[in-house]
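Have a look at the structure below before the remarks.
Sequence lines set the chain letters: A, B, ... in the order given, protein chains first and strands last, and positions in each chain run from 1.
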Amino acid sequence: MLDPQLLRTELEVTAKKLAERGYDLDVAGWQKLEQARKTIQVETEALQNKRTTISKSIGQAKAKGDDIQPLLDEVAQIGEQLESSKKALKDILTDMDKVILYTPNLADESVPLGKDEADNVEVRKWGEPGTFDFTVKDHVELGEVNRGLDAESAANLSGSRFTLLTGEVAQMHRALAQLMLDMHTEKHGYREYYVPYLVNAETMKGSGQLPKFADDAFITEDERYLIPTAEVPLTNLVADAIIDEADLPIKLTAHTPCFRREAGSYGKDTKGMIRQHQFDKVEMVQIVHPDDSFSALEEMTGHAEAILQALELPYRTIVLCTGDMGFSATKTYDLEVWLPAQNTYREISSCSNCVDFQARRMQARYRSAGAKKPQLVHTLNGSGLAVGRTLIAVMENYQQADGSIKVPTVLQKYMNGKTHINQPE
RNA sequence: GGAGAGAUGGCAGAGCGGUUGAAUGCACCGGUCUUGAAAACCGGCAUACGUUAAUAGCGUAUCCAGGGUUCGAAUCCCUGUCUCUCCGCCA
């Protein structure tokens with residue numbers, strides 16, 4: 001959530017910034033609420049104070065054996081008044097809460113203005129798309145040729161947007177996750193976590209998935225949510241914590257399945273395993289000092305890029321424009337990997353700096369030696385990488401004329417030294 | 001799934017209807033002493049919100065969470081969550 005102070009002191013400017021990212025804040029409505037809040041809160045607290053004072057003197061009078069009846073009469077009148085005042089205040093605060101919990105983060109100055117993905121800006125490009133002297137197959141065909149991808153069985157078991165992997169393709173999927181975790185823990189300084197895949201509403205609220213995006217998540221009968229990304233449990237690890245400044249930055253990583261309803265994406269990417277209800281992802285999360293979050297974003301994006309470079313997959317890095325960014329982010333880099341069958345770059349990672357937006361929701365703070373009060377930390381998250389899409393990218397970029405797939409050098413040790421998948425004898 | 005016990009400040013641990021945001025100890029910070037350190041002694045030490053120019057005052061809230069009883073609740077009642085012990089079951 002945004003700093004409520006910002007909505008009080010710089011409402012106009014804030015509203016303008018929100019408009020840049022396509023969010024229309026009801027300025028007049030908010031001002032009205034804020035005004036009412038001020039009046040009623042002051043009034044309520046004054047009444048509360050009055051009652052406490054009298055109640056205390058009742059105690060004293062009783063101890064001395066004085067007559068307490070006049071005091072009881074006095075306090076009786078306050079009761080009702082306080083009751084209604086309290087209720088009015090609660091209603092207003094609920095309304096204000098609603099507004100503020102549904103309001104996205106502000107974009108950083110360095111983010112390009114724009115409406116949608118068409119306005120995103122390419123920052124850099126790495127590698128050259130390979131050339132093929134045969135007709136390239138997409139990952140669905142390659143999956144069939146290699147008997148490794150079975151969409152029909154998955155559909156029978158679960159419905160659309162599920163995938164079943166078998167044999168060497170499943171093995172490669174596992175190997176990719178291993179490679180990613182190893183690189184992040186051994187080279188990039190992250191600590192590996194195994195986390196719950198079901199979390200409660202409070203946790204989903206902390207990282208910004210609730211209340212606004214309830215429809216995107218799967219919910220269980222006992223009101224737990226299947227995590228849409230490991231960002232949710234990892235980031236919330238510092239909820240309500242006061243961290244020693246010396247312990248920052250905290251760098252966490254986990255390999256988890258991710259579950260998404262994909263409501264509203266009907267007809268999009270229906271073929272293959274690009275967009276699924278369930279997919280694996282290795283996630284990176286950083287909890288950092290406010291001064292360091294933008295440099296941490298560059299670093300983390302580099303960590304995701306390092307995986308693509310190790311796999312020698314061509315990609316480009318883009319910075320999302322104001323209109324295309326996610327709810328909690330103040331700045332986001334997407335990595336897009338080259339998919340020869342689609343003849344285009346497709347998203348494979350998203351790295352965001354959320355500054356204090358999630359930290360404020362979670363009350364995640366740090367204490368520094370000098371400062372009196374604990375300060376909010378900054379949080380970042382990034383995919384490093386989406387495992388399923390990485391598998392697709394490897395399959396398509398490393399395909400051979402006969403439909404077999406070369407195993408990237410860096411991956412071979414994770415696949416018992418195999419150099420090819422389904423190489424004909 | 002059955003039976004019982006519990007949840008208080010960074011930690012340990014009192015309090016069980018009145019002036020208690022909460023004793024005491026430890027930890028931490030400042031000071032006295034000391035060549036320095038330790039010990040001893042003195043002082044300080046929660047968070048959020050509101051009000052405000054103010055990180056000054058003042059106010060409100062917070063003793064797991066949410067309801068209730070009461071003039072007044074950390075203390076009494078109800079519901080929920082979590083933890084622990086024993087039994088059962090189980091990977």
Side-chain angles (χ1 to χ4, degrees), chain A residues 1-11 30-31 33-101 194 196-206 210 219-225 233 236-248 250 290 356-377:
Chain A
M1 60 193 263
L2 294 176
D3 186 351
Q5 216 60 44
L6 213 55
L7 289 173
R8 256 177 233 137
T9 57
E10 291 172 59
L11 183 59
W30 177 263
Q31 273 174 326
L33 281 172
E34 169 60 15
Q35 239 164 34
R37 190 226 95 224
K38 200 167 189 165
T39 315
I40 296 176
Q41 181 162 354
V42 169
E43 185 185 299
T44 308
E45 290 185 357
L47 283 168
Q48 187 70 255
N49 178 240
K50 199 168 162 192
R51 194 188 66 182
T52 308
T53 310
I54 298 175
S55 289
K56 277 181 183 170
S57 53
I58 289 177
Q60 286 168 4
K62 230 178 161 181
K64 277 191 268 174
D66 293 350
D67 179 19
I68 58 168
Q69 195 52 48
L71 290 167
L72 287 176
D73 293 342
E74 195 180 342
V75 85
Q77 301 163 16
I78 300 173
E80 238 173 86
Q81 221 178 331
L82 182 62
E83 204 61 35
S84 69
S85 185
K86 260 184 176 169
K87 189 180 176 306
L89 180 63
K90 197 175 168 187
D91 289 347
I92 288 172
L93 289 178
T94 307
D95 287 348
M96 294 182 89
D97 234 34
K98 221 174 249 171
V99 174
I100 209 159
L101 283 175
Y194 169 81
Y197 302 158
L198 287 169
V199 297
N200 58 32
E202 197 53 36
T203 303
M204 289 285 275
K205 189 176 146 191
L210 288 182
I219 183 167
T220 62
E221 248 176 53
D222 61 350
E223 284 180 78
R224 276 181 251 270
Y225 295 80
N236 278 283
L237 240 29
V238 294
D240 290 316
I242 297 176
I243 301 155
D244 193 334
E245 188 177 22
D247 292 335
L248 298 176
I250 298 172
D356 60 8
F357 189 84
Q358 293 178 321
R360 186 171 292 106
R361 286 175 165 239
M362 297 187 298
Q363 280 305 305
R365 291 161 298 169
Y366 73 96
R367 196 192 297 278
S368 67
K372 262 189 185 173
K373 289 189 160 190
Q375 309 286 315
L376 293 168
V377 295

| Within the structure, does a side-chain N or O atom of A/Arg37 lie under 4.0 Å from either OP1 or OP2 of B/U51? | yes

| query | Looking only at side-chain N and O atoms, does A/Lys90 come under 4.0 Å of OP1 or OP2 in B/G67? | reply | yes

| Euclidean distance, A/Met96 CE relative to A/Arg37 CZ, rounded to 0.5 Å | 6.0 Å

Applying side-chain hydrogen bond (donor to acceptor under 3.5 Å, both in side chains), name anything that partners [X], two or more places apart in sequence or on another chain.
X: A/Gln5; answer: A/Arg8
X: A/Asn200; answer: A/Thr203
X: A/Lys87; answer: A/Asp91

Quickly work out the [X] [atom1] to [N] [atom2] distance and round it to whole Å.
X: A/Ile40; N: B/U51; atom1: CD1; atom2: C1'; result: 16 Å
X: A/Glu43; N: B/C49; atom1: CD; atom2: C1'; result: 18 Å
X: A/Lys86; N: B/G68; atom1: NZ; atom2: C1'; result: 13 Å
X: A/Gln41; N: B/C58; atom1: CD; atom2: C1'; result: 14 Å
X: A/Arg360; N: B/U47; atom1: CZ; atom2: C1'; result: 16 Å
X: A/Gln5; N: B/A53; atom1: CD; atom2: P; result: 12 Å
X: A/Glu80; N: B/C71; atom1: CD; atom2: C1'; result: 15 Å
X: A/Ile78; N: B/G72; atom1: CD1; atom2: P; result: 10 Å

| Which part of the nucleic acid, if any, lies within reach of A/Leu72 when heavy atoms closer than 4.0 Å are counted: base, sugar-phosphate only, or nothing? | base

| P spacing across the pair B/A73 / B/A37, given as an integer number of angstrom | 50 Å

| query | Between B/G18, B/A48, B/U51, which nucleotide gets closest to the side-chain atoms of A/Ile58? | reply | B/G18

| remark: Output field dot_bracket for RNA chain B (Watson-Crick or G-U, both distances under 3.5 Å, | for other-strand pairs) contains ((((((((.[[[..)..(.....]]].(((((.......))))).((((((.....)))))).[[[[[..)....]]]]])))))))....

Got a list of protein N/O to nucleotides 60-63 of chain B N/O distances below 3.5 Å?
{"residue": "B/U60", "atom": "OP1", "partner": "A/Asn49", "partner atom": "ND2", "Å": "2.4"}

Nucleotides 19-23 of chain B: which of its N/O atoms have a protein N/O under 3.5 Å away?
{"residue": "B/U19", "atom": "O2", "partner": "A/Gln60", "partner atom": "NE2", "Å": "3.0"}

| query | Are A/Asp73 and A/Gln69 close enough, and set up right, to give a side-chain hydrogen bond (donor to acceptor under 3.5 Å, both in side chains), and what steps lead you there? | reply | CA-CA 6 Å; A/Asp73 293 342; A/Gln69 195 52 48; 3.0 Å; yes

